[in-house]
Amino acid sequence: MAKIQKIAVFTSGGDSPGMNAAIRSVVRTCAYLEVDCVGIYHGYEGMIEGNFKAMDARSVNNIINKGGTILKSARSVEFRTAEGRKKAYKQLKAEGIDAFIVIGGDGSFTGAMIFNQEYNFPVIGIPGTIDNDIFGTTFTLGFDTALNTVVEAIDKIRDTASSHNRLFFVEVMGRDVGHIALNAGIGAGAEEILIPEENLGLDRLIESLRRSKESGKSSSIVIVAEGDKTGKNVFELKEYVEKHLPIYDVRVSVLGHMQRGGAPSCYDRVLASRMGVRAVEALLEGRTSLMVGIQDNKLILTPIDKAIKGHTKIDKELIRVSDIMTV
Ligand code: F6P
């Protein structure tokens, strides 16, 4: 493989806190190792359009603490076509870019993998999504921050729940997985946590809420992952519970995109800094089509196709802890 002298970095898919810290890390590692670095705006869209900007160590001042992504993000439809990828390849070559680092989720990695196969172009992925749904890493960038955001929001909702003796259904993000719901649910002391990986049915929910009332609890919080499989959204759950358990005064709160924003936690900043360094190093070692992940607090590299195809598992111990806490 030809020597890598210029590396591009970009963010793709849903933004997550810690993406800026990862961009900063990639740019500064390049500066440290005396490799040129280019930022690509708007993900694969910008790659197709040639929306590039040379970046040096000072281009990333004062961004470690910022949510979102200074390079912007997008979900590109054109890059899914062979024609779109050809345009992107031409733009990269015209700019003299030898390799790229993509910060995003599995859709972004799929694009990178196909591009690598078609053009033998070196690529490395850094997992950035609040959902924590990427195989090959215990933590994705933004997950820890999102958990803290959710817990803070639910703590506030709890004040109203307890003052008015109410039951709240709180919907949290997690398109296909329940990692945010389960972890934040335990952290915020939820009565029940509904996640896609464990559909225990509506009867059990009603039973558990009935027991909780009988045991003397005056208010309750139920966390629902947006991808949960009860077949009812939070508003329908409210109606269902009000019908079957009229003793409850029920309210709904959908936390939505506030979970994706805000300053990254210290954990996410450190993780992003570590992953950025490793991603650049991996490219300079001549490695490609890998994702940087973390396991047992050590950075590991997973083939990108495995990261895409693999599924994360829910921690059964957390389910047990949650069950015990709601006695
Ligand atoms: O993948 C992260 C995520 O925040 C999911 O939890 C959510 O379903 C989705 O993105 C929403 O994405 P958007 O509003 O950007 O289309």
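Every number for a ligand or one of its atoms is a count from 1 in the order of the listing. What you are looking at is a predicted structure, and each value in this text was computed from that prediction instead of being measured. These numbers come from the heavy atoms of this one structure, side chains and all, not from hydrogens, waters or symmetry mates.
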Can you produce the list of protein nitrogen or oxygen atoms under 3.5 Å from a nitrogen or oxygen of ligand 1, alongside each distance?
unit_1	atom_1	unit_2	atom_2	d
ligand 1	1 (O)	Asp131	OD2	3.1
ligand 1	1 (O)	Arg175	NH2	3.2
ligand 1	4 (O)	Arg260	NH1	3.0
ligand 1	6 (O)	Asp131	OD1	2.8
ligand 1	6 (O)	Asp131	OD2	3.1
ligand 1	6 (O)	Gly174	N	3.2
ligand 1	6 (O)	Glu226	OE2	2.9
ligand 1	8 (O)	Glu226	OE1	3.4
ligand 1	8 (O)	Glu226	OE2	2.5
ligand 1	10 (O)	Arg260	NH1	2.9
ligand 1	12 (O)	Arg260	NH1	3.2
ligand 1	14 (O)	His257	NE2	2.6
ligand 1	15 (O)	Arg75	NH1	3.1
ligand 1	15 (O)	Arg260	NH1	3.2
ligand 1	15 (O)	Arg260	NH2	3.0
ligand 1	16 (O)	Arg75	NH1	3.0

Side chain to side chain donor-acceptor pair (under 3.5 Å) with His179: of Asp315, Asn132, Thr312, only one passes, and it is Thr312
*Hey, are the side chains of Ile134 and Phe109 touching, using non-hydrogen atoms and a 4.5 Å cut-off?*
yes
| Is there side-chain contact between Ile206 and Val241, with heavy atoms separated by less than 4.5 Å? | yes
Note to self: Taking atom CD as the centre, does Glu34 end up with more than 12 heavy-atom neighbours from other residues, nucleotides or ligands that are less than 6.0 angstrom away?
What the structure shows: no
request  = Using a 4.5 Å cut-off on heavy atoms from C-beta on, say whether the side chain of Arg274 contacts that of Asn297.
outcome  = yes
ask   = Relative to Tyr248, does Lys213 satisfy both conditions: NZ or CZ under 6.0 angstrom from the six-membered ring centre, and within 45 degrees of the ring's axis?
value = yes
